[in-house]
K.L.:
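One structure follows; several queries about it will come next.
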Amino acid sequence: MSSNKVIYGLFDDDDKVLHATKTLVSKGYTVNEVYSPFPVHGLDTAMGLRYSRMAITSFIYGVLGAFLITLLMWYIMIEDWPMVIGGKPNFSYGQNLPAFIPVTFEATVFCAAHLMVITFLFRCGLYPGRGVFAGSKKYNPDPRTTDDKFLMEICEEDSKKIKKIEAIMKETGAIEIQIGEYKVKKRKKLISIKQYLKNNLSGIFKFLPKKKKS
Amino acid sequence: MHYKSPMREPLILGNKDLHDITVDIARPIETKANRWWWALFTISFAAMLWLFGCIFYLIGTGVGVWGLNNSVGWAWDITNFVWWVGIGHAGTLISAVLLLFRQKWRLSINRSSEAMTIFAVVQAGLFPLIHMGRIWMAYWIFPLPNQFGSLWVNFNSPLLWDVFAISTYFSVSLVFWYMGLIPDFAMIRDRAINPIAKKVYAFLSFGWSGRAKHWQRHEVISLVLAGLATPLVLSVHSIVSMDFATSVVAGWHTTIFPPYFVAGAIFGGFAMCQTLLLIARKVLDLQDYITIKHMEYMNIIILVTGSIVGCAYLTELFIAWYSGVELEQYAFLDRATGSYWWAYAIMMTCNVISPQLMWFKKLRRNILFTFILALFVHIGMWFERFVIIITLHRGPLPSSWHDYSPTYVEIGTFVGTCGFFLVLFLLYARTFPVIAQAELKTIVKSSSTKYNKNLHYLDKEELVKLEKINKKK
């Protein structure tokens with residue numbers, strides 16, 4: 001029976017933890033997580049994390065904001081109650097467009113910024129009150145990682161491999177190594193978008209009535 | 001890995017490693033306030049109470065308690081509004097524009113200057129509200145369906161643009177600031193010993209854990225927010241200037257207003273940054289992080305934007321003459337030589353002449369001089385807005401020419417907002433991490449004295465000297 005073990009390696013330097021990650025990944029191990037007090041550049045690619053799509057969501061939200069405010073201003077200024085100011089009525093949205101640019105811009109930024117931040121919090125599972133009563137240990141195994149230490153987390157079942165990982169960690173400068181049985185959310189292995197769609201769409205298709213063989 | 005520039009002064013002095021930074025930044029939160037803090041807090045708090053007294057009197061009695069008259073229907077309220085909004089701009093400039101330009105020196109000062117932005121916009125927002133007269137109808141500025149036959153707001157009006165600009169600016173700055181604060185609150189949370197403080201900071205930190213994926217996303221959203229905030233900050237003061245520029249008042253109806261207002265805003269905002277940070281670095285003992293070099297960088301920006309402002313003043317005068325419009329020409333002649341000539345003189349001295357002293361390196365690096373000059377800039381920028389607004393006192397109809405002087409209510413409101421601003425900033429300085437420590441830790445290897453001992457152009461003696469100057473008052 002394989003026991004689900006977690007190896008925690010504590011580092012005291014960002015370059016060391018980056019080097020350790022690269023070494024472990026090059027030998028075929030998966031670094032499940034690294035907790036760090038500040039963003040270590042290059043760590044995400046070394047761990048094999050995919051690029052973040054936050055910027056794309058922001059663009060989509062911005063377009064949405066521009067669309068919604070255009071709809072609102074068109075309804076208010078052209079459709080519902082066209083105002084005649086100084087003998088100059090609002091005939092069409094296009095004719096009056098210059099006056100609507102500033103508000104369109106502001107609404108675009110408003111939606112792009114706020115909805116992106118909400119998406120960020122949602123995707124990271126952060127919310128006000130998280131861990132207040134459960135304690136931060138539930139989410140972060142070592143509180144020193146918000147100060148000056150870097151914690152590497154690797155999930156492994158094979159006891160031989162665990163020893164090897166331990167040796168590599170020590171070699172690359174880990175100052176503390178702990179092995180324990182913890183409940184850790186394992187990072188999903190990377191798959192291509194094509195594979196992802198294939199896996200998921202096949203599930204959708206199960207609901208569709210199967211073609212009867214004639 | 002880390003590029004080390006051989007020609008630059010280190011940004012973190014005092015041989016600090018990562019843990020030292022944590023300790024230094026958590027210290028103001030974990031220790032008790034000293035007597036200076038309490039003294040300043042008491043004075044500011046009294047001024048704030050006076051502000052609310054003035055506001056209650058104003059709302060209870062009506063706008064008649066101000067010194068406004070038929071010609072000058074807008075005076076200190078709008079002056080203060082523009083002044084405070086302008087002060088806010090430096091914070092966004094430091095955190096957003098300098099992030100896009102990858103300026104490392106922003107890291108020691110961005111948190112406090114963003115806080116300054118938010119607190120300044122709070123003060124600015126008060127003025128349009130209390131000038132409405134009937135503050136309980138303030139929600140009419142929003143496009144809400146209503147019982148008056150769907151009488152909507154007017155999207156052609158720059159005053160409505162202002163509503164959208166200021167509210168977007170305030171909320172986006174707040175979110176940008178808070179997202180940066182989350183990892184730092186987590187640091188405070190993990191250090192806290194007091195169980196109540198631990199719970200409070202746990203609440204504020206949103207349960208931040210510092211995972212690699214979270215950091216990756218955090219960096220992306222910081223960059224995108226900076227990209228969004230940069231045009232936003234330029235748009236906000238442009239729109240504020242359009243409150244004037246889209247009118248048909250001589251002296252206001254000029255196309256130079258948007259860029260000139262933006263430059264002036266950054267100029268005034270950096271001066272406020274200097275004022276607050278020069279005190280904060282001393283009181284909170286952060287001289288190793290907010291160094292003379294940081295002060296010098298800010299002084300250079302004050303010099304550049306001050307020169308742009310000076311250039312704009314001269315352009316305005318030239319265009320008034322060149323336009324051939326008599327009323328326009330008179331408006332500027334009246335500003336410089338009329339009954340408010342002294343305001344114009346103060347503006348010119350404080351905004352155009354005095355910042356030119358920053359060309360001297362000795363003065364740029366002198367703390368006392370910088371502090372005094374920053375006060376001059378506050379005065380100058382306030383009078384700039386006053387000069388623009390007081391143009392109203394001699395409009396196109398000489399029979400309604402009317403001089404203006406403020407009442408104690410207006411003065412009290414202005415002084416009170418300064419108090420309110422300081423109250424917020426003082427509370428912030430003792431409860432929030434005043435330096436973005438998580439971000440600052442990323443440059444420890446590239447620009448601190450600890451890791452760069454041998455790679456630096458300064459030799460040991462020079463370094464000791466630098467540290468000494470830095471520690472001095």
Side-chain angles (χ1 to χ4, degrees), chain A residues 12 14-15 33-41 43-44 47 49 51-52 54-55 58 62 72-73 76-77 80-81 83 85 90 96 99-100 102-103 105-107 109-110 112-114 116-117 120-121 123-133 135-136 139-140 143-148 187, chain B residues 1 17-19 21-22 143 149-156 158 160-161 164-165 167-168 171-172 175-176 179 182-183 186-187 189-191 199 202-221 223-225 228-229 231-232 235 239 242 438-439 441-442 445:
Chain A
D12 60 353
D14 49 338
D15 289 332
E33 193 61 77
V34 175
Y35 299 89
S36 63
F38 56 82
V40 180
H41 287 262
L43 190 68
D44 44 354
M47 281 169 68
L49 295 177
Y51 74 94
S52 169
M54 283 295 145
S58 177
L72 182 76
M73 286 196 289
I76 289 176
M77 298 300 290
D80 192 43
W81 193 297
M83 271 187 257
I85 298 155
N90 296 317
N96 260 49
F100 300 142
V103 174
F105 170 76
E106 300 299 336
V109 169
F110 187 89
H114 289 301
M116 175 185 66
V117 168
F120 162 73
L121 294 175
R123 288 289 291 151
C124 293
L126 303 172
Y127 53 87
R130 183 191 195 233
V132 170
F133 295 105
S136 59
Y139 308 104
N140 184 347
R144 285 175 293 176
T145 54
T146 52
D147 178 5
D148 61 344
R187 191 150 60 82
Chain B
M1 282 294 296
D17 63 15
L18 294 175
H19 183 64
I21 294 178
T22 307
S150 270
L151 190 64
W152 296 106
V153 290
N154 180 10
F155 279 100
N156 291 329
L160 186 67
W161 303 347
F164 279 82
S167 44
T168 304
S171 61
V172 171
V175 161
F176 192 13
M179 285 303 113
I182 284 179
M187 179 275 277
R189 167 199 72 197
D190 290 340
R191 278 178 60 85
K199 287 228 172 354
F203 184 85
L204 291 173
S205 70
F206 285 20
W208 176 261
S209 53
R211 288 163 191 265
K213 186 70 190 175
H214 293 188
W215 272 124
Q216 185 203 33
R217 288 186 185 132
H218 191 269
E219 285 216 289
V220 171
I221 67 155
L223 189 66
V224 173
L225 283 176
L228 289 170
L232 183 65
S235 85
I239 291 173
M242 284 174 201
E439 286 182 278
K441 282 172 183 171
T442 59
K445 288 225 169 136

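Predicted model only: the values in this text are computed from it and were never measured. Every chain is numbered from 1 and lettered A, B, ... according to where its sequence line falls, protein lines coming before strand lines.
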K.L.:
Does any backbone or side-chain atom of B/Leu232 lie under 4.5 Å from a heavy atom of chain A? Answer side chain, backbone, both or neither.
P.N.:
both

K.L.:
Specify which of B/Leu228, B/Thr22, B/Val175, B/Ile221 makes the most heavy-atom pairs with chain A at under 4.5 Å.
P.N.:
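When all of B/Leu228, B/Thr22, B/Val175, B/Ile221 are compared, B/Ile221 has the most.
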
K.L.:
Ignoring hydrogens, what is the shortest heavy-atom contact between B/Ala438 and A/Pro37? Give both atom names and the distance.
P.N.:
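Nearest heavy atoms, B/Ala438 then A/Pro37: CB-O, 3.6 Å.
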
K.L.:
Between B/Trp215 and A/Phe38, what is the shortest heavy-atom contact and its length?
P.N.:
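Heavy atoms of B/Trp215 and A/Phe38 come nearest at CZ2-CA, 3.6 Å.
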
K.L.:
Walk me through it: do B/Lys213 and A/Asp44 pass the test side-chain contact (heavy atoms from CB on, under 4.5 Å)?
P.N.:
CA-CA 7 Å; B/Lys213 186 70 190 175; A/Asp44 44 354; over 6 Å; no

K.L.:
Considering all heavy atoms of both residues, which atom of B/Ala212 and which atom of A/Met47 are nearest to each other, and what is their separation?
P.N.:
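Heavy atoms of B/Ala212 and A/Met47 come nearest at CB-SD, 3.5 Å.
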
K.L.:
Which bit of B/Val172 comes within less than 4.5 Å of chain A, counting heavy atoms only: side chain, backbone, both or neither?
P.N.:
both

K.L.:
Any side-chain heavy atom of B/Asp190 sitting closer than 4.5 Å to one from A/Arg144?
P.N.:
no

K.L.:
Hey, are the side chains of A/Pro39 and B/Thr442 touching, using non-hydrogen atoms and a 4.5 Å cut-off?
P.N.:
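A/Pro39 vs B/Thr442: side chains touch.
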
K.L.:
Heavy-atom pairs under 4.5 Å with chain A are the metric here; pick the option from B/Leu225, B/Asn154, B/Leu160 that has the most.
P.N.:
B/Asn154

K.L.:
Roughly how far, to the nearest 0.5 Å, is the CG atom of A/Leu49 from the CZ atom of B/Arg217?
P.N.:
9.0 Å

K.L.:
Within the side chain of B/Trp161, is there an N or O that forms a donor-acceptor pair under 3.5 Å with the backbone of A/Ala99?
P.N.:
yes

K.L.:
Could you tell me which portion of B/Ile21 (side chain, backbone, both or neither) has an atom closer than 4.5 angstrom to a non-hydrogen atom of chain A?
P.N.:
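Interface part for B/Ile21: neither.
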
K.L.:
Could you tell me which portion of B/Met187 (side chain, backbone, both or neither) has an atom closer than 4.5 angstrom to a non-hydrogen atom of chain A?
P.N.:
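For B/Met187, the contact with chain A is made by backbone and side chain together.
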
K.L.:
Tell me, do B/Ser171 and A/Phe110 make a side-chain contact under 4.5 Å, heavy atoms counted?
P.N.:
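Yes, at least one pair of side-chain atoms sits under 4.5 Å.
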
K.L.:
Hey, which of B/Ser209, B/Ala202, B/Ala229 has the most heavy atom pairs under 4.5 Å with chain A?
P.N.:
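Counting heavy-atom pairs under 4.5 Å, the top option is B/Ser209.
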
K.L.:
Let's test your reading of the structure: which of A/Thr145, A/Leu121, A/Leu43, A/Val40 forms the most heavy-atom pairs below 4.5 Å with chain B?
P.N.:
A/Leu121

K.L.:
Relative to chain B, which of A/Ala55, A/Ala107, A/Ser36 shows the most heavy atom pairs under 4.5 Å?
P.N.:
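Highest number of heavy-atom pairs under 4.5 Å: A/Ser36.
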
K.L.:
So, for B/Thr168 and A/Val109, which heavy atoms are closest and what is the spacing to 0.1 Å?
P.N.:
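So the two residues come closest at CG2-CG1, 4.2 Å.
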
K.L.:
Less than 4.5 Å apart, side chain to side chain, heavy atoms only: is that true for A/Glu106 and B/Ile239?
P.N.:
yes

K.L.:
Does some side-chain heavy atom of A/Met54 sit less than 4.5 Å from a side-chain heavy atom of B/Val224?
P.N.:
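Answer no - side chains too far apart.
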
K.L.:
Can you confirm whether B/Lys441 sits close enough to A/Asp148 that some side-chain heavy atom of one is under 4.5 Å from a side-chain heavy atom of the other?
P.N.:
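They are not in side-chain contact.
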
K.L.:
For a side chain to side chain contact (heavy atoms under 4.5 Å, CB included) with A/Ser52, tell me which candidate from B/Glu219, B/His218, B/Gln216 qualifies.
P.N.:
B/Gln216

K.L.:
Quick one: does B/Asn156's side chain get under 4.5 Å of A/Asn96's, heavy atoms only?
P.N.:
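A side-chain contact exists here, since the closest heavy-atom pair is under 4.5 Å.
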
K.L.:
Counting only heavy atoms closer than 4.5 Å, note whether B/Pro231 contacts chain A via side chain, backbone, both or neither.
P.N.:
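For B/Pro231, backbone and side chain are both near chain A.
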
K.L.:
Counting heavy-atom pairs under 4.5 Å to chain B, which of A/Gly125, A/Ala113, A/Ala112, A/Ser58 comes out on top?
P.N.:
A/Ala113

K.L.:
Can you classify the ring geometry of A/Phe120 versus B/Trp208 as parallel (below 30°), tilted (30 to 60°) or perpendicular (above 60°)?
P.N.:
tilted

